[in-house]
Protein chains: 2
Amino acid sequence: MERQEELVRAAYDLLADRGFEGLRTRDVAAKVGVNIATLHYYFPTKEKLIRGVVGYAMGQFRSTLTPAGAPGEQLRAHFAGLRRLAREEPALFTVMGELAMRAHRDRAIGAIVREVDKTWQAMLAALLRHAAKEGAIATEANPDELAALIVATLKGAFILPPDGRDPRAVDRQLRTLERLIA
Amino acid sequence: MERQEELVRAAYDLLADRGFEGLRTRDVAAKVGVNIATLHYYFPTKEKLIRGVVGYAMGQFRSTLTPAGAPGEQLRAHFAGLRRLAREEPALFTVMGELAMRAHRDRAIGAIVREVDKTWQAMLAALLRHAAKEGAIATEANPDELAALIVATLKGAFILPPDGRDPRAVDRQLRTLERLIA
DNA sequence: CAGTTATTCAATCATCTGATTGATGGAAAG
DNA sequence: CTTTCCATCAATCAGATGATTGAATAACTG
C-alpha cells in the first residue's frame, strides 16, 4: 500500500478508536511504523491528514450508496447493505459521527458532510418515489422529507451509545423504521 | 452563583463551542475570571470537571422529560417542548452529541447517557401506549421499539450538520416524524 | 483578638504535541 | 561514476496543557 494511503487508514482507525480528542500524529506515524517527519512529508499539517481521512471515510460510505437490484427491491437492499456495513465496518459509523460533530465547527468538513448527506437523501427520495408508485409504501408523506427523516434516524441509531454490547440494537431499529414506512 | 456551578457552566459552554477536542481547563478558568489553581481546587482533575458537565447537561435534559397536560396532548406537548429547546438552548444538543460520542470510549459516561436515554424512551413508550388507546396513532408498531426509533431520530436530527443556517430544518423533521406516527 | 479554615493567586513543572531541520541512504538520470 | 531527487530518520524546538506548590487573603470560630 502507498505510504500516503497507509497513513490515512491508520489515522482513520485511530480516529474511530479515540475520537478527535485523542488523535495524535505521533500515534498515526507509529501505527504505520514510520517517523513523524515522514508523516509530515506527506501531510504538511494535521489538518491535511484529517482531510485525507474525510475523503477516505466519505468514499467508503459513498460506495454503499449505489444499491443494485430491481427498482422495487432497491430500498430493501439499501437497508440490508447498511445493516451489513454496521456489522462489518462499525468504525465507519464512529468516524462519521466524529465528522458530523466536527462539521459544526469546521466549515470545510461541514460542506463535505452535507454534500454526502444530500446525495444519500436524494437517492433515498428517488427510491421512495419508486416504491410509492409500486404501492410498496404505506404513507403519503413527501418523499424528500421522509428521506431526510430516514437519514436523521440512521445517523441517530448509529450514534447511540453501544447498548450493553447488543449489536442487534441497530439492526432492530432499522427493521422498525422499514416497517413504519412500508 | 457558586464557583463550582460557574465553572461547570463555563465548561459546558466551551464544550458546546469547541467540543472535547478543544476543551481546555485554562479557558474554562479564564471564562469565569479565575485562576487555574482555583479550578483545580474545586475539580482536582479535568475528568471530575467533565463529570460535572455531564451532570449539568443531563439535568437540563431531564427537566424537559416531564411533559404536562392532558394525557392525549402529552406526546404533542413533548415534541413542542423539544422544538422550543432546539431553538432556545441549542448548546444542550451539541453537548449531548459530544457526550454521545464520548460514551463510546468512556464507560462511566456511557452508563449515564444510556440511563437517560432509557428514561426518555420509557416515557415516550408510555405516551405512545396512551395515545394508541385513544386511537391517536396510526401504527400498530410495538411502542417500545417505536420509542427507541424516535429517540434515535431525534438524536440524529440534532446531530446533523447545520444546514446552511436553516434553523427550521430540525423543526421540519420533528413535524414529519410526528405526522408519520400519528 | 488569636487560631483555624476556606478561597484564591502567581509562579512553576513535567509532559505532551505539532512541526521543523539537517543529515543519510538509495534509486533514477545523465 | 557522479549528480539529482525521493523517502526516511534522529534530534530538537516552541508552544500548549494538565497539574502542583507555597504564599497571601478573607471568612469564620471560639
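Here the structure is a predicted model, which is why all the values come from computation and not from measurement. Per chain, numbering begins at 1; letters A, B, ... match sequence-line order.
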What does the list of N/O pairs under 3.5 Å between the protein and nucleotides 21-27 of chain C look like, with a distance for each?
none

Are any of the side-chain nitrogens in [X] or [Y] under 4.0 Å away from the carboxylate oxygens of its partner?
| X | Y | result |
| --- | --- | --- |
| E178(A) | R175(A) | no |
| K118(B) | E115(B) | no |
| E47(B) | R51(B) | yes |
| E98(A) | R105(B) | yes |
| R9(A) | D13(A) | yes |

Could you state the atom-to-atom distance from [atom1] of [X] to [atom2] of [N] in whole Å?
| X | N | atom1 | atom2 | answer |
| --- | --- | --- | --- | --- |
| L23(A) | dC16(C) | CG | C1' | 14 Å |
| D27(A) | dG18(C) | CG | C1' | 12 Å |
| I36(B) | dT17(D) | CD1 | C1' | 9 Å |
| L7(A) | dG18(C) | CG | C1' | 15 Å |
| E6(B) | dT7(C) | CD | P | 13 Å |
| L39(A) | dA19(C) | CG | P | 9 Å |
| R18(B) | dA16(D) | CZ | C1' | 13 Å |

Original post:
Does T38(A) put a side-chain nitrogen or oxygen below 4.0 Å from OP1 or OP2 of dC9(D)?
Top reply: yes
Original post:
Is the phosphate of dT8(C), meaning OP1 or OP2, less than 4.0 Å from a side-chain N or O of R3(B)?
Top reply: yes
Subject >> Residue closer to the 5' end of DNA chain D, R26(A) versus G33(A) (nearest nucleotide) >> reply: G33(A)
Original post:
Does any donor-acceptor pair link the side chain of R24(A) with the base of dG18(C) at a separation under 3.5 Å?
Top reply: no
Original post:
Do any of residues 40-50 of chain B sit with a heavy atom less than 4.0 Å from DNA chain C, and if so which?
Top reply: Y41(B), Y42(B)
**OP:** Could you tell me whether the side chain of H104(B) and the main chain of G110(B) form a donor-acceptor pair under 3.5 Å?
**Re:** no
Original post:
Should L146(A) and L180(B) count as side-chain neighbours, where that means a heavy-atom distance under 4.5 Å?
Top reply: yes
Original post:
Would you call the rings of F61(B) and F93(B) parallel, tilted or perpendicular, where under 30° means parallel and over 60° means perpendicular?
Top reply: perpendicular
Original post:
Atom CD1 of I109(B) and atom CZ of R114(B): how far apart are they, to the nearest 0.5 Å?
Top reply: 11.5 Å
